[in-house]
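Input: a single structure, listed below in structure tokens.
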Amino acid sequence: MGAAGIASARTPNPVFEKDYFRVPQPTSFAQCPQFFVGGKPPAIPPRPMQRELCYEAFAVLHSGETRTPVYVAQRLNRRVLEQADKKRADKFFADARLPTAERAELEDYKRSGYSRGHMAPAGDMSTPTAMAQSFSLANMVPQNIQHNGGAWSKIEQDTRRYVLRAKGDVYVITGPVYTRTSPSIGGNEVRVPAYLYKLVYDSTTQRAWAHWQANREGEQVGAPITYQELQKRTGIDFSIRPAPQH
DNA sequence: CGGCGGGCAATG
DNA sequence: CATTGCCCGCCG
């Protein structure tokens, strides 16, 4: 029911309509368990203003404190990526399912010096609707421009290449990490993460690894870190039990 | 060096 | 608000 949770009220146009989100429709991860390993979302220390948002191709735990996602979950496989939509639709929008007091607006990012960085990448989306939904600001963090187009883009493409060669489903969780001194942008004070991570779990081999990147210019693609190390750095229990790593 | 994928901003 | 042109980094 992932897509239905959003589009059931009106679906006729396969092309994106912004009014998909005009009427706030509460969702919970119970409506889109397919994006999580075993249907089980990560265990997050409870904070105020956290909301679970289901989309057609990904799920977002959103924070009204940072006005960014806490994490974004996807389930990918070769079939999905081969259908990937070639045409990128650059229509960013504030997600109307979030109260205005909790969400980022387009103006917050404008001339902020930061780019609107996808967590679930547009390049992973296989349908026009999924592509359009990926441009929700609930799927974005303020990201260093050079990092977004450089090392981070390379990690996204490397992940897609991996999925294309994988035998089955690959689960990906992407999210920001903040420090006490992380700055904010815009009138709504959208927090700028100090780090970004991308956790990849191949359900066939039961192997997991994670990319860990500083959100800054000059950051290079480094060696992946372990699942355990990612849990340690983020304080999040990702609810995955990967096979022991070599 | 051209194409592509991550973006941006100016223009009607 | 949609169209268009542009920048940048990476890769073959």
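Each chain gets a letter, A, B and so on, in the order its sequence line appears, and its residues count up from 1.
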Original post:
Could you give the CG-to-C1' distance, from A/Asn139 to B/dG6, as a whole number of Å?
Top reply: 14 Å

Subject >> Separation of atom CE in A/Met119 from atom P in B/dG6, rounded to whole Å >> reply: 13 Å

Original post:
In Å and rounded to the nearest 0.5 Å, what is the CG to CG distance from A/Leu164 to A/Leu76?
Top reply: 9.5 Å

Original post:
Starting at CD of A/Gln157 and ending at P of B/dG3, how long is that distance when rounded to a whole Å?
Top reply: 17 Å

Protein-nucleotides 2-10 of chain C N/O pairs closer than 3.5 Å?
none

Original post:
Which parts of nucleotides 7-12 of chain B does protein reach within less than 4.0 Å, heavy atoms only, written one letter per nucleotide 5' to 3' as B for base, S for sugar-phosphate only and - for none?
Top reply: SSS---

**OP:** Return the minimal non-hydrogen interatomic distance between A/Ala194 and A/Thr179, and the atom names on each side.
**Re:** CB-CG2, 3.8 Å

**OP:** For residues A/Pro69 and A/Asn139, report the shortest heavy-atom separation together with the two atoms involved.
**Re:** CG-C, 4.2 Å

Original post:
Of the options A/Arg191, A/Arg51, A/Arg47, which is the one that meets A/Glu65 in a salt bridge (Lys or Arg N to Asp or Glu O under 4.0 Å)?
Top reply: A/Arg47

Original post:
When we call it a touch if two heavy atoms are under 4.0 Å apart, what does A/Arg160 touch: a base, just sugar-phosphate, or nothing?
Top reply: sugar-phosphate

Original post:
For A/Arg241, what residues pass the side chain to side chain donor-acceptor pair (under 3.5 Å) criterion, not counting sequence neighbours?
Top reply: none

Original post:
Taking the six-membered ring of A/Tyr55, is the NZ or CZ of A/Arg97 close enough (under 6.0 Å from the centre) and on axis enough (within 45°)?
Top reply: yes

Subject >> Passing option when A/Val70 is tested against A/Thr234, A/Val60, A/Ile44 for side-chain contact (heavy atoms from CB on, under 4.5 Å) >> reply: A/Ile44

**OP:** Find out whether A/Tyr171 and A/Arg75 are in side-chain contact, i.e. whether some heavy atom of one side chain is under 4.5 Å from a heavy atom of the other.
**Re:** yes

